[in-house]
Number of protein chains: 2
Amino acid sequence: MTRWLDDDEQGAWRTFLAASQLVQEELDRQLQRDSGMPHAYYAVLVKLSEAPDRMLRMSELAAEVNSSQSRLSHAVARLEERGWVRRERCAADKRVSWAVLTDEGFAVLAAAAPGHVEAVRQSFFDLLDPEQLHRLTEICAVLLKRAAP
Amino acid sequence: MTRWLDDDEQGAWRTFLAASQLVQEELDRQLQRDSGMPHAYYAVLVKLSEAPDRMLRMSELAAEVNSSQSRLSHAVARLEERGWVRRERCAADKRVSWAVLTDEGFAVLAAAAPGHVEAVRQSFFDLLDPEQLHRLTEICAVLLKRAAP
DNA sequence: TCCCGATACTTGAGAGTTCAAGTAAACTGG
DNA sequence: CCAGTTTACTTGAACTCTCAAGTATCGGGA
């Protein structure tokens, strides 16, 4: 007894998918082109830059950027190769490792941010009036809420 | 003179990104787990199944599924290996090739669809009331519109 | 104390995506 | 009519992501 989608639902679903894909791809392309990193890596640098002492445990960082541990581990490995992030073993619990944003990583982020913010405005904020923005955020929060448990 | 995001804007942006990533990842995982294909491949099968004679030119198909030609070319190559899609050179214009959904491909799609639709309901429709759905669609349409030129 | 099951993270292989470059056919102006 | 451009698609290499399996460490009970 499949509850198939009617035409309106089809349209709604495809519009949502297309819009979110479009925005993400644009932003990803912009960062790759102008700063040589995918959006996922940028998110890692941002979260680290906002953390106390610019460092976070891998598992915490993974949660913050909505990434699997595996994905983050690979990502940090690449960022480490570039010298933008450094890993430190935790003395108290040797299983955990801290990801630390290096000064070079911070500088790269600082250089990337203005262009990225501008792109976000062009692909997102500049297209919506305050009312639409508010409603969209509310609705996205609903979609997210169920993810908690 | 970067127009930085204020706190509300930060929140709105991160909520939108997180929600659209969450939904897409859930659906992608569901299809991979239950039907052994990523969402992008599923979309190809769907578009072909809806086309006259279940066939489409590669470039048209790419546009329909919001994919680059390169991505589609690789995707159709994989789908062809599995026998779900077949390629045919066009006699009138030998540059173009048609992607044709095979009977087996149609059967695979028919088998995958119910589970996928159910997942879409759980991750999306069941969480929104009709008012929210309508508004979200309207807003996504705005985000998309600019992509046309 | 020793063992067993969590916990934290890493690793490797396989798959998909991207970008740039490559092929081939069709059009187009001199 | 034929050089040069455009169009349609493919290919290969580099890179990211996923999934499953692996390593190391910690905590709690017998």
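Every chain is numbered from 1, with letters handed out A, B, ... down the list of sequences.
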dA15(C) OP1/OP2 closer than 4.0 Å to side-chain N/O of Arg78(B):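 No, Arg78(B) has no side-chain N/O under 4.0 Å of OP1/OP2 on dA15(C).
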
Side-chain N,O (Gln69(A)) to OP1/OP2 (dA8(C)) below 4.0 Å: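 No, no such contact exists.
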
Sugar-phosphate, base or nothing in reach of Arg87(B), heavy atoms under 4.0 Å: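 Counting heavy atoms under 4.0 Å across all strands, the contact made by Arg87(B) is with sugar-phosphate only.
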
Sugar-phosphate, base or nothing in reach of Ser73(B), heavy atoms under 4.0 Å: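 Since a base atom lies under 4.0 Å of Ser73(B), the category is base.
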
Rounded to whole Å, how long is the line connecting atom [atom1] of [X] with atom [atom2] of [N]?
{"X": "Arg33(B)", "N": "dA15(C)", "atom1": "CZ", "atom2": "C1'", "result": "18 Å"}
{"X": "Gln24(B)", "N": "dT16(D)", "atom1": "CD", "atom2": "P", "result": "20 Å"}
{"X": "Asn66(A)", "N": "dT18(D)", "atom1": "CG", "atom2": "C1'", "result": "16 Å"}
{"X": "Asp34(B)", "N": "dC19(D)", "atom1": "CG", "atom2": "P", "result": "12 Å"}
{"X": "Leu72(A)", "N": "dT10(C)", "atom1": "CG", "atom2": "P", "result": "8 Å"}
{"X": "Glu81(B)", "N": "dG14(C)", "atom1": "CD", "atom2": "C1'", "result": "13 Å"}
{"X": "Met58(A)", "N": "dT7(C)", "atom1": "CE", "atom2": "P", "result": "19 Å"}
{"X": "Met37(B)", "N": "dT18(D)", "atom1": "CE", "atom2": "P", "result": "19 Å"}

Proximity to DNA chain D (any heavy atom under 4.0 Å), residues of residues 40-48 of chain A only: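 Listed by number, they are Ala40(A), Tyr41(A).
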
Summary of protein contacts for nucleotides 18-29 of chain C, nucleotide by nucleotide, where a base hit scores B, a sugar-phosphate-only hit scores S (4.0 Å, heavy atoms): BB-----BS---

Sequence neighbours excluded - ring pair (Phe, Tyr, Trp, His ring centres under 6.0 Å) pairs with any residue from residues 65-109 of chain A: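 Sorted result for residues 65-109 of chain A: empty, none.
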
Exceeds 12 heavy-atom contacts within 6.0 angstrom, atom CG of Asp53(B):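 It does not: Asp53(B) CG has 12 such atoms or fewer within range.
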
Neighbour count above 12 (heavy atom, 6.0 Å) for Asp103(B) CG: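 No.
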
Considering only NZ, NE, NH1 and NH2 on the basic side and carboxylate oxygens on the acidic side, decide whether [X] and [Y] come within less than 4.0 Å.
{"X": "Glu81(A)", "Y": "Arg86(A)", "answer": "no"}
{"X": "Glu9(B)", "Y": "Arg121(A)", "answer": "yes"}
{"X": "Arg135(A)", "Y": "Glu131(B)", "answer": "no"}

Backbone of Arg87(A) reached by a side-chain donor or acceptor of Glu80(A) within 3.5 Å: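 Yes; at least one donor-acceptor contact below 3.5 Å.
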
No-hydrogen, no-angle side-chain donor-acceptor test under 3.5 Å, Gln122(A) and Asp126(A):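 Judged by distance alone, the side chains do not pair up.
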
Distance-only donor-acceptor check, side chains His39(B) and Gln24(B), under 3.5 Å: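 Per modelled atom types, His39(B) and Gln24(B) side chains form no pair under 3.5 Å.
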
